[in-house]
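Everything on this sheet refers to the single structure shown next.
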Amino acid sequence: MGQLTDHAWQKEFEQPIYAQWKADKRYAFNTSSKRKIFSIDTPPPYVNTPVHIGQATTYVLMDFFARFHRMLGEEVLFPLGLDRNGLPIEMAAEKRFNIKLNDVSREEFIGKCYEVLDESSAASTESFLRLGISFNSWNVGTGIGDVYETDSADYRSLTQDTFIDLYQKGLIYEDERVNNYCPGCQTTLADAEVEYEERPGHFYDIVFTCKETGEQIIISTTRPELICSLGMIIFNPEDTRYQKLAGKTAISPLYHKEVPIRAHPSAEMDKGTGIMMMCSFGDLTDIRFFREESLQPLIAINKEGKMNEHAGFLAGLSVAEARKVMVQKLDEEGLLARKTPAKAHRTPVCERSKDPIEFIAMKEFYVKQVECKEKMKALAHQLHVFHESSRQILLDWIQSVSIDWPITRRRYYATEVPLWYCNSCSKAIVPPKGKYYQPWKEDPPVKKCACGSASFRGETRVFDTWFDSSISPLYILKYSRNDAFFRKSAPCTLRPQGKEIVRTWLYYTLLKCYLLTGKLIFRDAWINYHIVDEKGHKMSKSKGNVIDPKAALDKFGAEPFRLWAAIEGNLEQGDFRCSFERIEGAQKTLSKLWNVARFVSLFPEAKKATLQEADQWIIRELHEIAAFAREHYAQYDFHNPATRLKHFVWETFASHYLELVKSRAYNRDAKFTKAEQDAALFTLHYCLDTLLKLLAPIIPLITAKIYYELRNKDIHAEQFPKPAVKAETEITADDIINLNSEIWKSKKSQGKSLKSEIASLTIPKKLKGIAKDLQAMHQVKEMRYGERVEIVV
RNA sequence: GGGCCCAUGGUCUAGCGGUUAUGACGCCACCUUCACAAGGUGGAGGCCAGGAGUUCGAAUCUCCUUGGGCCCACCA
C-alpha cells in the first residue's frame, strides 16, 4: 500500500499510462475467451482529415461503454476502423495535385490517392491514443479487433463477396434510368448523397408563341438552358387566364419546337407567370411528369455536365455557361421579357462537391430496396434506440425511399465491381468469392466463356462508398471469414453513430445485412447528437468555429476532456455545447479527486471494524450511487451518474464525511478507541476504492494511476463495484449537510474562526450516533439532545 | 408546405402538479483550517420569454404569441 506523493494531478502523467497500455496490448481482444461478447461497430473516420471535436467526443463516449462492459466481465470487441475509400480521398487527391479524374490514367490516379493517404496516415490515430481510448489494437491487421482499413484487400474482398451473394440471389440488377448525377464528381449519386442548399437564382420570363393564334405566352423559368428539351407547356386547371390555350400548340423560342399546351395540376397559379414549361430534366418532378405523360425525354446534358448536340448552339458549354449564353441570346432576340431574382431557391447539390445535381440517364447496378420497405420498418421498430427521435429519423427515411439503390459509380479509388463480360455473348462472368478482384486490370478467373469465346473485358465501375461502409459490422464480426466467431458474436451489440448519417450508414447497413443474413444486425443503436459551439451553432469549417481536439488535449490533457464529455453529454438533451471554459471546470474536479485520494492515502488501511453511524451513512450514500451508475451506464447514460459522482466527490465525501472523521482517523489525542479509528480507516479506503472504480470508465488515466500507486493493481481489470458491506442508518446526507452548514454559519456570523470552540451544541436525538464525530469536528465542549439545533458559543 | 425540439439569475444548467426554484462558471466578503488557494465558509443576483386557460395549487399540464435551433418534402 503506497501513498500519493505528488501534490496534484498533472496532464504530463497521462502519456506514460496510455503508452504502457499500447505497449503491452492491454485491451487486446481475447479470441479464446468464453465471456459474453460486447461488440461496438465503431464509425471509421476518414483518414485524410484531422479528428474533429465531435468525433473525439463520441469516441470518448464509446470508450466509456467499452470500459464499463469490461468491468462487468464481458469480452469487449472495440476495433478502430479507418475509412480510406471513395470520393473524399479522390477529391483530396484532385485538389492536392490539381488534376481531374480523366486527366490521367487509372493507375496514375490511384497512385495519387495513395500519396494522399500516406501523408495523412498516423495523424488521426494519435489523437485517439492520447484520449485514452481502449481500442483492441493499434496495429493494422486482419485479426479480430485489429485496426482495419476499408481499402484493404481483405475488406474490399468482403465487399465484393457481398455483391456476389446479392447478385446471385437476384437482389441486384442493372438498368438504365435517369438518376442524380454530379457533373463535378462525374458519377451517379444515391438520393442519400444529395442535399439541398439555398442558392441565388433568377426567374427568366421568356416569350413563347402560340401556333394557332400567334399570341405571345410569357413563361417563367430558372433553367432557360433546357428549352431545347421542352416537352409540354402546362397551366393549372383552375387558372382562368390560360383556359383559352388548352389544347393549342406552343412554339419554343430559338428552337421553334412545337409542343402541346395543357391544363395540369402541377402548375401553381401564383408561381412565376402561372404557366410553366416542362423540360427533361430540371428536377425529379420533371422526371415523374415525363414518365406519367409518356413523353419522350430529350437528354441535353452529357456526363461531363456539358450541353450536348440536342442543345444546338449551346453544345459543348457547361450548364452555367449555357444559361448565360442562352439568356444573352434571348435578350438580343427580344425574347426575354423580364429577369427577376428568385429568392431562397433551394437547389439539389452533391453532398461532397456541392455541384448542382443534374439528371442524366446511365446504366447502373441497383440493389432492390423498394420491395423491402415494410420489412425495414419492422426492423427499425425492433432496433433498440435510446431516444424515439432517433428511430423517427430512420423511419422517415425508409418511408421516403422511392427508388432502388444505385450502387455503381464511375470513379477509380473504391472497391471494384467484381465482374467480367464476354466480348462475344456479353454474358457476365461472376468470380468465386473470397478474393479481391480488380477486373479493369486483371484477367477473369475463367479461360473460356460458355459460348466458347476467350475474349473478355473487365468491369470498370466501382461501388458507392456506402456499399463498402454498410458491411462494417459483418467485417468486424468476421462474417463469411470465421463462421464460428460470427455465430457467437452476431448480432453486433452496439452501433454508435451520428444522427446525420442515419439515412446512409445506419439505413444501408441494416438493409444490406438484412438482405445477406435475413436478420437485424444490431441490438442497440446509439445515435449521438452534435457537439456545437458555445453559442449553440453547428461547427463547420466555413463558419470557422471548429474546435480542434488537439488544442484541448495540449491544454488540458485527456482526462478533463473526458470528464467534460461525461458531464455535458446528456442524451436526452440533444446537441451539446463545447467550450474550453467548461473543460477547465472538469479539471478542478480531477484535482479534487486527486487530493481526496492523497488524503486517504495518508492513512493505513484497516480491517473492517464495527462501523460507526457516520461510516454507515457514507457507505450507504455511495452504494446508492453505485447502483444508480450500474443501471444507467448499461443504458449508455453516463451523464446522470457522472453528475452525481462529481457532487459526491466535492460535497458529500470531501466536505462532510472527511471533515467528520478526520479527528477519528488521526486520533491524535486518543479520544477514540482503536476500533472506532479502524472503522474510519476502513471506510475511507473502501469508499475511495469504490469511487475510483465507478469513475474508471470515464476517467481511466487518473483512476488507474491512483489505484496503481495505492493498491499496485490495474483498476481496469477490477470488477464494477457491487455493495460489499452492509450499511444502514436513518441519517441522511441532508441531516448532516444542514447541521454542518448551520454551525459554520453561526460561527461565521459571530466573527469566530471555524476552529473556535462551541460551549454547547444541541442536536436532534436522531444524530446521536455521530455525536462524537461532530464534537471533535466542531470543537464542542458539551453535547445535548433536543428537538431543534441550538448552538451556544 | 409538413413535422420536431428549446426558452429558468450575467452565461450555462437541474426541475416531469405542492421545493424558501438546483447546481456550475462569473461576482462580492471573510479565512495562510494540519488532502486540496486548481481550496474553504458565507453572500448578492431569477415576478422560471409573453399572454390566456385547466387546477385548491403551474417553472411544471393545455392553447395562442414571440424569439432561437433542427429535420423532412418540394418549387417555374
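The chains referred to below are lettered A, B, ... by the order of the sequence lines, with proteins before strands, and numbering in each begins at 1. Reckoned from all heavy atoms, side chains included, excluding hydrogens, waters and symmetry mates.
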Point to revise | Donor + acceptor pair across side chains of A/Y657, A/D615 (<3.5 Å) | key: yes
**Study point:** Base-pairing mate for B/rU19 - Watson-Crick or G-U, with both contacts under 3.5 Å
**Key:** none
Practice item. Using whole Å, report how far CZ of A/F359 lies from C1' of B/rC74. Key: 12 Å
Practice item. Tell me which nucleotide among B/rA76, B/rC36, B/rC72 gets nearest to the side chain of A/R503. Key: B/rC72
**Study point:** First encountered from the 5' end of RNA chain B, between A/K646 and A/W9
**Key:** A/K646
Exercise for review: Can you figure out which of B/rA76, B/rA73, B/rA38 approaches the side chain of A/W397 most closely?
Suggested key: B/rA73
Review point. Using 30° and 60° as the class limits, which term best fits the ring planes of A/H778 and A/W744: parallel, tilted or perpendicular?
Key: perpendicular
Practice item. To the nearest Å, give me how far apart CG (A/D205) and P (B/rA76) are. Key: 14 Å
Practice item. Answer with base, sugar-phosphate or nothing: what part of the nucleic acid does A/R668 contact at a heavy-atom distance below 4.0 Å? Key: base
**Study point:** Pair partner, B/rG1 [Watson-Crick or wobble, under 3.5 Å]
**Key:** B/rC72
Practice item. Would you mind telling me which of A/V319, A/I301, A/L314 makes a side chain to side chain contact (heavy atoms under 4.5 Å, CB included) with A/L226? Key: A/I301
Review point. What is the distance, rounded to the nearest whole Å, between atom CZ of A/F235 and atom C1' of B/rA76?
Key: 16 Å
Review point. With sequence neighbours left out, what residues match A/Q10 under side-chain contact (heavy atoms from CB on, under 4.5 Å)?
Key: A/A8, A/E12, A/F13
Revision key, fill the gap. Separation of B/rC16 atom P from A/N640 atom CG, nearest Å, is 13 Å
Practice item. Could you pull out all residues at least two apart from A/Y255 that satisfy side chain to side chain donor-acceptor pair (under 3.5 Å)? Key: none
Review point. Does one side chain, of A/Q369 or A/Y507, offer a donor that lies under 3.5 Å from an acceptor on the other?
Key: yes
Review point. Does the ring of A/F628 carry A/R644 above it, NZ/CZ under 6.0 angstrom from centre and within 45° of its axis?
Key: yes
Review point. So what does A/E659 touch, heavy atoms closer than 4.0 Å: a base, only the sugar-phosphate, or nothing?
Key: base
Exercise for review: Please state the P separation for the pair B/rU65 and B/rA29 - nearest whole angstrom.
Suggested key: 48 Å
Check your understanding: Taking the same atom, C1', in B/rA59 and in B/rG43, what whole-Å distance lies between them?
Key -> 25 Å
Exercise for review: Please work out if A/A654 contacts a base, only the sugar-phosphate, or nothing of the nucleic acid, heavy-atom cut-off 4.0 Å.
Suggested key: base
Review point. C1' atom, B/rA14 versus B/rG9: distance in rounded Å?
Key: 14 Å
Exercise for review: Rounded off to whole Å, could you give me the CD1-to-C1' distance for the A/I357 and B/rC74 pair?
Suggested key: 16 Å
**Study point:** Watson-Crick/G-U partner (both atom distances under 3.5 Å) of B/rA29
**Key:** B/rU41
Exercise for review: Considering only atom C1', compute the distance from B/rA49 to B/rU8 and round it to an integer number of Å.
Suggested key: 10 Å
**Study point:** Any-strand Watson-Crick or G-U partner of B/rA7, both distances under 3.5 Å
**Key:** B/rU66
Practice item. Check A/F603 against A/H685 and note the closest heavy-atom contact, atom names and distance. Key: O-NE2, 2.9 Å
**Study point:** Pairing partner (Watson-Crick or G-U wobble, both distances under 3.5 angstrom) of B/rC48
**Key:** none
Exercise for review: Let me know, please, whether A/I275 or A/N595 comes out on the 5' side of the other along RNA chain B by nearest nucleotide.
Suggested key: A/N595
Review point. Using the C1' atom in both, what is the distance from B/rU60 to B/rG1, to the nearest Å?
Key: 33 Å
Identify all pairs in which a protein N or O lies below 3.5 Å from an N or O of nucleotides 39-43 of chain B, and state each distance.
residue	atom	partner	partner atom	Å
B/rG39	O3'	A/K592	NZ	3.4
B/rU41	O2	A/K748	NZ	3.4
B/rG42	OP1	A/S741	OG	2.8

Exercise for review: Could you tell me whether A/K747 contacts a base, only the sugar-phosphate backbone, or nothing, with contacts defined as non-hydrogen atoms closer than 4.0 Å?
Suggested key: nothing
Check your understanding: Hey, does A/L590 reach any base, or is it just sugar-phosphate, or nothing, if we go heavy atoms under 4.0 Å?
Key -> nothing
Check your understanding: Expressed in whole Å, how much space separates the P atoms belonging to B/rC71 and B/rU11?
Key -> 26 Å
Practice item. Take atom C1' in B/rC48 and the same atom in B/rC16, then report the distance between them in whole Å. Key: 15 Å
Review point. How long is the line joining CZ of A/F648 and C1' of B/rG23, in whole Å?
Key: 18 Å
Point to revise | Interatomic distance, A/M277 CE vs B/rA76 C1' [rounded to whole Å] | key: 8 Å
**Study point:** Partner nucleotide, any strand, of B/rC61 [Watson-Crick/G-U, under 3.5 Å]
**Key:** B/rG53
Point to revise | Whole-Å P distance, B/rU19 and B/rA58 | key: 10 Å
Review point. Over how many whole Å does the gap from A/Q779 atom CD to B/rC34 atom C1' extend?
Key: 12 Å
Review point. Going by atom types alone, do A/W650 and A/T589 pair a side-chain donor with an acceptor below 3.5 Å?
Key: yes
Check your understanding: Does the ring of A/F599 carry A/K662 above it, NZ/CZ under 6.0 angstrom from centre and within 45° of its axis?
Key -> yes
